[in-house]
Amino acid sequence: MADGSESDGFEWLGERPLAAAPRLLGNVLEVGARSGRIVEVEAYEGVDDLASHAAGGRTARNAAMFGRAGLLYVYRSYGVHWCANIVCGTEDRPGAVLIRALEPLTGLDEMWADRPRARTVTDLCSGPGKLCAALGIGGHHDGTDLLSAESPVRLLMAESGGPVGPVVRGPRVGITKAADRPWRFALEGNPHVSRPRPPWS
DNA sequence: GACAAGATTGACT
DNA sequence: GTCAATCTTGTCC
């Protein structure tokens, strides 16, 4: 990306995760023929955020989080599910934005094939583990450059250039440390958002 | 080498 | 609404 041709429009990924998170809403994540619009995210800062994987310093697992903005950080949750993050910030100040929910756009048939238990379209990608399964994202994608046209996983700019409609904010989900920080963002009223659903205070 | 914790999900009551 | 499944990573001895 030295020429900047692939990152045009995503320069703000170099900002703090808290600033970049709401701007990711509405943009598109693409894996092969499958793609989905990002409708829910959570921001995780670096060493200052106890809930962040980067809080304990750099390890083999979270190395991608300490890379440059625009990389994909994938980790396994509860030994069962994969969760996908988009690395934000700078290498001096690591951080990432967890993708919690997508609105399926293309490749629905392949998503259903990988998530046979999903009952409805809104159940396909309404959770971090679900969307990784639906898109086929796994540990082998850790460290992938989302802004390169060559990558198997790509982040695409929405036609609108960002979120359409109001964005709602609430506390993060499923964590025990720093759980009070309202760093979860979602598109208001979108049926693909994971539980617990808005309205949030 | 052993142990505890975890950014979840799905099945069951 | 409640609870078990599952396994990798990091920490401690």
Side-chain angles (χ1 to χ4, degrees), chain A residues 13 16-22 24-25 29 36 38-67 69 71-89 93-104 111-144 146 153 155 168-187 191-198 200:
Chain A
L13 282 176
R16 292 168 57 217
L18 192 53
L24 279 168
L25 295 174
L29 193 65
I38 300 173
V39 299
E40 184 186 358
V41 296
E42 280 179 7
Y44 286 88
E45 293 279 348
V47 294
D48 296 335
D49 181 4
L50 289 179
S52 170
H53 285 177
R58 181 174 180 154
T59 66
R61 177 172 70 148
N62 65 21
M65 248 180 124
F66 289 75
L71 294 184
L72 183 68
Y73 166 47
V74 181
Y75 69 93
R76 194 188 279 280
S77 173
Y78 289 86
V80 186
H81 311 284
W82 293 104
C83 296
N85 300 249
I86 295 174
V87 176
C88 296
R93 293 199 58 179
V97 175
L98 170 69
I99 305 172
R100 288 195 57 87
L102 296 178
E103 176 183 338
M111 291 187 189
W112 281 112
D114 277 345
R115 282 198 36 76
R117 295 190 188 116
R119 295 184 177 184
T120 63
V121 171
T122 54
D123 194 35
L124 267 179
C125 301
S126 58
K130 295 178 183 178
L131 70 90
C132 281
L135 292 179
I137 293 175
H140 57 288
H141 287 124
D142 188 37
T144 296
L146 294 169
V153 185
L155 180 63
V168 289
R169 194 175 71 171
R172 293 181 293 187
V173 181
I175 56 177
T176 56
K177 301 169 185 172
D180 56 325
R181 301 187 184 185
W183 290 356
R184 179 187 181 202
F185 301 88
L187 297 181
H192 300 274
V193 170
S194 67
R195 293 173 301 174
R197 289 279 176 71
W200 300 319

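Just so it is clear: chains get the letters A, B, ... in the order the sequence lines come, proteins before strands, and each one is counted from 1.
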[N] phosphate, OP1 or OP2: any side-chain N/O from [X] under 4.0 angstrom?
| X | N | answer |
| --- | --- | --- |
| Arg115(A) | dG10(B) | yes |
| His81(A) | dT6(C) | no |
| Ser52(A) | dA7(B) | no |
| Arg100(A) | dT8(B) | yes |

Length of the line joining [X]:[atom1] and [N]:[atom2], which is rounded to integer Å:
| X | N | atom1 | atom2 | answer |
| --- | --- | --- | --- | --- |
| Asn85(A) | dT8(B) | CG | P | 11 Å |
| Trp183(A) | dA7(B) | CH2 | C1' | 14 Å |
| Glu42(A) | dT8(B) | CD | C1' | 12 Å |
| Asp123(A) | dT8(B) | CG | P | 16 Å |
| Trp82(A) | dT8(C) | CH2 | C1' | 8 Å |
| Glu40(A) | dT8(B) | CD | C1' | 13 Å |
| Leu50(A) | dA7(B) | CG | C1' | 14 Å |
| Leu131(A) | dT8(B) | CG | C1' | 12 Å |

Would you say [X]'s side chain and [Y]'s backbone share a donor-acceptor pair under 3.5 angstrom?
| X | Y | value |
| --- | --- | --- |
| Arg172(A) | Ala178(A) | yes |
| Asp142(A) | Gly139(A) | no |
| Arg169(A) | Pro22(A) | no |
| Glu103(A) | Val39(A) | no |

Counting side-chain heavy atoms from C-beta on, which of [options] comes nearest to [X]?
| X | options | result |
| --- | --- | --- |
| Thr176(A) | dG6(B), dT9(C), dT8(B) | dG6(B) |
| Tyr78(A) | dT9(B), dG10(B), dG6(B) | dG6(B) |
| Arg61(A) | dT6(C), dA7(B), dG10(C) | dG10(C) |
| Lys177(A) | dA7(B), dG6(B), dA11(B) | dG6(B) |

Taking any strand in view, what nucleotide pairs with dA7(B) in a Watson-Crick or G-U wobble way, both distances under 3.5 Å?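 WC or wobble partner does not exist here.
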Side chains of Tyr73(A) and Asn62(A) in contact at under 4.5 Å (non-hydrogen atoms):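 When only atoms from C-beta onward are counted, Asn62(A) and Tyr73(A) do touch, with a gap below 4.5 Å.
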Arg181(A) side chain reached by Asp49(A) side chain, heavy atoms, under 4.5 Å: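 Heavy-atom side-chain distance check passes, below 4.5 Å.
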Given that Ile175(A) and Arg117(A) both sit by DNA chain B, which one's nearest nucleotide is further toward the 5' end?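 Its nearest nucleotide lies further toward 5', so the answer is Ile175(A).
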Starting from the 5' end of DNA chain B, give me the residue, Arg76(A) or Pro128(A), whose nearest nucleotide shows up first.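 Between the two, 5'-proximity favours Arg76(A).
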Does Arg172(A) reach a base, just sugar-phosphate, or nothing at all? Heavy atoms under 4.0 Å.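 Nothing, no heavy atom under 4.0 Å.
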Using the rule for Phe, Tyr, His and the six-membered ring of Trp, do Tyr75(A) and dA7(B) stack at under 5.5 Å and under 30°?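 It does not: the two rings, one from Tyr75(A) and one from dA7(B), miss the stacking criterion.
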